[in-house]
Amino acid sequence: MGTVVRIDRPKLTIGRDSDAVDLPLDDDVSSRVHAQIFSVTVDNGDKQFWISDLGSTNGTLLNGFSIPQQESRLLQDGDKIKIGRQLFKFAMLDDLEVEYQKRVHELIVHDDLTGLLTRKSFSLELDRELVRSQRHRHEFCTLMMDIDFFKKVNDTYGHLIGSEVLRHTAKVIQQTLRDSDVLARYGGEEFIAILPETPKPRGVEAAERVREAIEKYDFPASIHNPEAYLHITISIGVSEFPTDSETSNTLIEGADLALYEAKQTGRNRVCLFTKKE
């Protein structure tokens with residue numbers, strides 16, 4: 001949502017095949033090589049931008065009308081393009097407008113305090129990972145994480161320190177997980193992550209690394225005294241696609257139930273979701 005894609009080459013191909021296109025889509029409705037946007041310089045030196053459908057299965061829509069296969073249409077500022085499940089707006093923007101759109105995108109996608117993805121953005125990433133893992137028959141794990149006794153931190157040290165603890169927790173988790181993993185602030189003191197191409201045993205190992213890193217970390221205990229530290233712990237629930245579920249809601253629910261078990265059995269631990277027979 002709100003991502004800006006610059007057309008900075010003579011031809012921009014769009015489709016599902018990341019090896020064959022310039023703009024790959026995680027979208028099972030789009031074709032491998034679906035459409036193309038290309039530029040033409042006219043007599044007065046101005047550039048025109050055109051779009052063509054490259055023989056896609058489900059077609060390319062321009063302002064609600066289908067573009068005939070192998071034909072091209074001239075793009076105008078504000079045109080709406082639909083490719084698969086994705087909706088694009090073609091816009092002629094100057095640098096200031098591009099910067100504004102990027103800032104809007106940041107506000108939509110990222111949590112202000114931690115810089116992590118928001119809950120809504122995470123849901124979109126989870127849906128994309130489900131489609132990708134179904135197509136390639138990969139496993140992946142979902143981690144639901146919750147800081148133990150966080151209310152006590154706020155009550156003892158104040159909400160400013162509570163916010164610092166959240167910010168540092170996000171940093172520690174991010175540094176412990178892989179760059180390819182997707183991390184979000186799920187709400188309050190809860191965090192959630194997707195670990196692509198990760199079976200259960202490796203998911204539990206990753207969760208244990210996070211738990212240990214949080215337990216050992218020196219969190220700031222004072223705004224004024226940089227040498228004052230406090231220690232916290234975190235509880236984590238793990239669920240796996242496709243063994244535990246093949247839908248996003250039940251995957252999250254499974255991780256949440258495992259997290260509840262971790263809380264009920266002593267906190268500062270990792271629990272794995274298991275289906276009840």
Side-chain angles (χ1 to χ4, degrees), residues 1-5 14-19 21-30 34 82-88 101-146 166-167 169-200 202-203 206-207 209-210 234 236-256 258-259 273:
M1 176 74 76
T3 302
V4 175
V5 179
I14 306 167
R16 202 178 67 235
D17 190 341
S18 57
D19 295 326
V21 299
D22 304 307
L23 178 56
L25 306 176
D26 278 331
D27 187 335
D28 58 342
V29 178
S30 63
H34 193 110
K82 190 156 191 256
I83 296 174
R85 302 184 196 277
Q86 315 300 318
L87 183 63
F88 300 90
Q101 290 295 334
K102 284 182 179 176
R103 179 59 183 148
V104 169
H105 177 251
E106 285 295 313
L107 291 171
I108 292 171
V109 173
H110 294 100
D111 172 61
D112 272 352
L113 177 63
T114 63
L116 301 181
L117 293 178
T118 61
R119 182 172 179 164
K120 186 172 182 179
S121 301
F122 177 85
S123 296
L124 295 173
E125 291 296 330
L126 181 55
D127 288 341
R128 275 197 280 267
E129 186 56 40
L130 278 166
V131 170
R132 195 180 74 87
S133 294
Q134 284 167 347
R135 185 186 308 138
H136 298 293
R137 300 180 184 275
H138 289 156
E139 300 156 312
F140 73 87
C141 281
T142 303
L143 272 54
M144 183 71 83
M145 300 162 275
D146 187 86
L166 289 172
R167 194 170 60 81
T169 299
K171 182 182 76 172
V172 173
I173 299 172
Q174 204 164 29
Q175 289 174 345
T176 306
L177 296 178
R178 304 168 299 184
D179 290 343
S180 57
D181 298 330
V182 179
L183 178 62
R185 184 181 177 192
Y186 201 66
E189 64 270 26
E190 277 191 323
F191 300 86
I192 191 166
I194 304 165
L195 279 54
E197 298 181 37
T198 303
K200 271 184 180 179
R202 284 174 49 207
R209 287 196 298 273
V210 169
I234 197 166
I236 306 175
V238 182
S239 64
E240 183 209 56
F241 169 90
T243 308
D244 298 327
S245 172
E246 295 190 26
T247 67
S248 56
N249 286 341
T250 48
L251 264 175
I252 293 173
E253 183 182 2
D256 203 36
L259 171 63
F273 174 71

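All values reported here derive from a predicted model rather than from experimental measurement.
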Could you list the residues that satisfy side-chain contact (heavy atoms from CB on, under 4.5 Å) with [X], not counting sequence neighbours?
{"X": "Leu87", "result": "Lys80, Lys82"}
{"X": "Ser123", "result": "none"}
{"X": "Ser18", "result": "Pro24"}
{"X": "Arg202", "result": "Arg178, Thr198, Pro199, Glu205"}

Spacing of [atom1] belonging to [X] relative to [atom2] belonging to [Y], to within rounding of 0.5 Å:
{"X": "Ile14", "Y": "Leu25", "atom1": "CD1", "atom2": "CG", "answer": "7.0 Å"}
{"X": "Asp26", "Y": "Gln86", "atom1": "CG", "atom2": "CD", "answer": "8.5 Å"}
{"X": "Gln175", "Y": "Leu183", "atom1": "CD", "atom2": "CG", "answer": "11.5 Å"}
{"X": "Thr243", "Y": "Phe273", "atom1": "OG1", "atom2": "CZ", "answer": "11.0 Å"}
{"X": "Leu117", "Y": "Ile194", "atom1": "CG", "atom2": "CD1", "answer": "8.5 Å"}
{"X": "Thr176", "Y": "Lys171", "atom1": "OG1", "atom2": "NZ", "answer": "11.0 Å"}

N/O donor-acceptor pairs under 3.5 Å from side chains in residues 133-146, not counting sequence neighbours:
unit_1, atom_1, unit_2, atom_2, d
Ser133, OG, Glu129, O, 3.0
Ser133, OG, Glu129, OE2, 2.8
Asp146, OD2, Lys263, NZ, 2.7

Taking only residues two or more places apart in sequence, or in another chain, which ones meet [X] in a side-chain hydrogen bond (donor to acceptor under 3.5 Å, both in side chains)?
{"X": "Asp256", "value": "none"}
{"X": "Asp22", "value": "Arg9, Thr13"}
{"X": "Glu197", "value": "Arg132"}

Item checked: Residue list, salt bridge (charged side-chain N to carboxylate O under 4.0 Å, His left out) with Asp127, at least two apart or on another chain ->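 Not a single residue meets the salt bridge (charged side-chain N to carboxylate O under 4.0 Å, His left out) criterion with Asp127.
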Margin query: Just to verify, what does Arg16 make a salt bridge (charged side-chain N to carboxylate O under 4.0 Å, His left out) with, not counting sequence neighbours?
Written below: none
Would you check if the side chain of [X] reaches a backbone N or O of [Y] as a donor-acceptor pair within less than 3.5 Å?
{"X": "Ser239", "Y": "Leu251", "value": "yes"}
{"X": "Thr118", "Y": "Ser121", "value": "yes"}
{"X": "Asp111", "Y": "Leu116", "value": "no"}

Check: Between Phe191 and Arg185, is there a cation-pi geometry (under 6.0 Å to ring centre, at most 45° from the normal)?
Finding: no
Checklist line | Pairs where residues 240-251 contributes a residue and the test salt bridge (charged side-chain N to carboxylate O under 4.0 Å, His left out) is met, not counting sequence neighbours | finding: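 Applying salt bridge (charged side-chain N to carboxylate O under 4.0 Å, His left out) to every pair that reaches into residues 240-251, excluding sequence neighbours, yields Lys200-Asp244.
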